[in-house]
Asker: 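First, the structure itself, so that you have it in front of you.
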Number of protein chains: 2
Amino acid sequence: MTAPLDTPMPTPSLLRRERQREETRARILEAARELFVANGVAATTMRAIAARIEYTPTAIYHHFRDKDALLAELCTNDFLALAGAFQRIGRIEDPIERIRRIGIAYVDFALDNKSQYQFLFMTPSSHVHGDGMKYVEKNNPEQDAYAFLRASVEEALKRGLFRTEFQDPDQLAQILWGGLHGIVALHIVKEHDDWIAWAEPRATARLAVDVLLRGTRRAEPA
Amino acid sequence: MTAPLDTPMPTPSLLRRERQREETRARILEAARELFVANGVAATTMRAIAARIEYTPTAIYHHFRDKDALLAELCTNDFLALAGAFQRIGRIEDPIERIRRIGIAYVDFALDNKSQYQFLFMTPSSHVHGDGMKYVEKNNPEQDAYAFLRASVEEALKRGLFRTEFQDPDQLAQILWGGLHGIVALHIVKEHDDWIAWAEPRATARLAVDVLLRGTRRAEPA
DNA sequence: AGGGTTTACTTTACGGTGTTAGGTGAACGC
DNA sequence: GCGTTCACCTAACACCGTAAAGTAAACCCT
């Protein structure tokens, strides 16, 4: 029953150590995510995260530099998840139609993951892309959701599918992105505010997708 | 030189007391606003606000219930300022053109008062309209900026100026509002993020106004 | 087999936060 | 002149994120 027989040469049980380390690291992330989502990031304390996995508060600091780093790592995951949702759209020939699908997928992601969406796109100071996002390959459409949108916009621009006042793919991408972001962001922030009679956001955002494309497309030549 | 000669009967110098009270109250608000704008609301402490007007931290609590109440009162002011900016547009016959002007005024307000805009429309939990906004007359277009937009949308809808898929004035108002909010909100939150090549937001938002109106208007009958 | 090192975690504590309770002293009505 | 009101202060509490130092088990190596 002596161990080293079935372990491949390099580092006998050091692998287990590392595996366990990653495991508790993951448990911390999981607890943090749950509490962040449930109570908001500002309202959840390091002590609460630690208590949930039966650790001492300072133990967390052996795995993450500080609270922001914890949040940043969660954000990278969510950001990659968004890019993955875009990836799942698949190859669609017409770039305009592809942009429409991107918009729908974006809105669904936002409304299905409201808290994560808040961390990603509604919170100042770059938890995202600051340092924590060094693992995301910027400008790689498979990992960078904005690059994915921008690439489709650029393609449509090159094919002359948009009105001539639009030349800068970044500007146009931002008009489209912003047009949808505003609807979901307002809804997330003010949904429990009886001041306004909120329309159902998913339907509203889908209408907005059409509005934005109709408002930017070049008129049919026929 | 005995006072009560020129003071109208009720309460001789009690008036001065109240006036002084309101004065320090206003000084607290002013200091809080400056620090909130300069450093963000989370990063400014009650102690810092108090120090700026040479008071003890706890003195603030004689004028405001807590930090949130302070923020809420600032928000009401800003919200009324936005409604005032809309009011200054004046009477414009064509409701679509009026909506266009509203959009431009909105974007200008947001970009000229980024921090206040954050408190108003990008921060969850109702500092706005929760309790602190009981002084704003909801649904009165002179005080409620959303009501102002909604009224113009409703008028245009009644005149048949929008496409037929738009029936609910709230939904349409929210598409237009959200379309602009998203652009300024994204820019405010991520402007110091080299991840994205941000287009100049004022020009972009103005383009977006045209996009949104073109995308929602009924096609010219001619 | 055992000594030294690494390391996952704990104990303790520091400086800072928003906020409360109780005191002080001047301005007030009578 | 006396009692009251009230704007403000002093002191303190509970809690926060986090740094420093200790502990004990698991590891590597001879």
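So that the names make sense, note that chain A is the first sequence line, chain B the second, and so on, each numbered from 1.
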Asker: Rounded off to whole Å, could you give me the CD-to-P distance for the Glu18(A) and dC27(D) pair?
Answerer: 13 Å
Asker: Which residues in residues 28-41 of chain A have at least one heavy atom lying under 4.0 Å from any atom of DNA chain C?
Answerer: none
Asker: Using the ring pair (Phe, Tyr, Trp, His ring centres under 6.0 Å) rule, pick out the option among Trp177(B), Phe79(B), Phe86(B) that qualifies with Phe148(B).
Answerer: Phe86(B)
Asker: To the nearest Å, give me how far apart CE (Met46(B)) and C1' (dT20(C)) are.
Answerer: 13 Å
Asker: So do Phe64(B) and Leu71(B) actually touch side chain to side chain, heavy atoms under 4.5 Å?
Answerer: no
Asker: Heavy-atom count around Arg101(A) CZ within 6.0 Å, excluding the residue itself: above 12?
Answerer: no
Asker: Rounded to whole angstrom units, what separation is found between the OH atom of Tyr61(A) and the P atom of dG17(D)?
Answerer: 6 Å
Asker: Once you round it to whole Å, what is the distance between P of dA14(D) and CG of Asp66(B)?
Answerer: 20 Å
Asker: Mind calculating the distance between CD (Glu23(A)) and P (dC9(C)) to the nearest angstrom?
Answerer: 10 Å
Asker: Starting at CG of Leu70(B) and ending at C1' of dT19(C), how long is that distance when rounded to a whole Å?
Answerer: 14 Å
Asker: Can you check salt bridge (charged side-chain N to carboxylate O under 4.0 Å, His left out) on Glu23(A) and Arg19(A), steps first, answer last?
Answerer: CA-CA 6 Å; Glu23(A) 192 177 307; Arg19(A) 199 187 51 206; 5.3 Å; no
Asker: Over 60° means perpendicular and under 30° means parallel, so tell me whether His181(B) and His181(A) are parallel, tilted or perpendicular.
Answerer: parallel
Asker: Show every salt bridge (charged side-chain N to carboxylate O under 4.0 Å, His left out) that has at least one partner inside residues 76-86 of chain B, sequence neighbours left out.
Answerer: Arg33(B)-Asp78(B)
Asker: In whole angstrom, give the distance that lies between atom CD of Gln20(B) and atom P of dC6(D).
Answerer: 15 Å
Asker: Hey, are the side chains of His187(B) and Thr204(B) touching, using non-hydrogen atoms and a 4.5 Å cut-off?
Answerer: no
Asker: A side-chain contact here means heavy atoms from C-beta on lying under 4.5 Å apart; do Leu120(B) and Phe109(B) qualify?
Answerer: yes
Asker: Could you tell me whether a side-chain N or O of Asn113(B) sits under 3.5 Å from a main-chain N or O of Gln116(B), the two making a donor and an acceptor?
Answerer: no
Asker: Quick one: what's the B/S/- string for nucleotides 7-12 of chain D, heavy-atom cutoff under 4.0 Å, read 5' to 3'?
Answerer: BBBBBB
Asker: Could you tell me how far apart Phe64(A) (CZ) and dG17(D) (C1') are, to the nearest whole angstrom?
Answerer: 16 Å
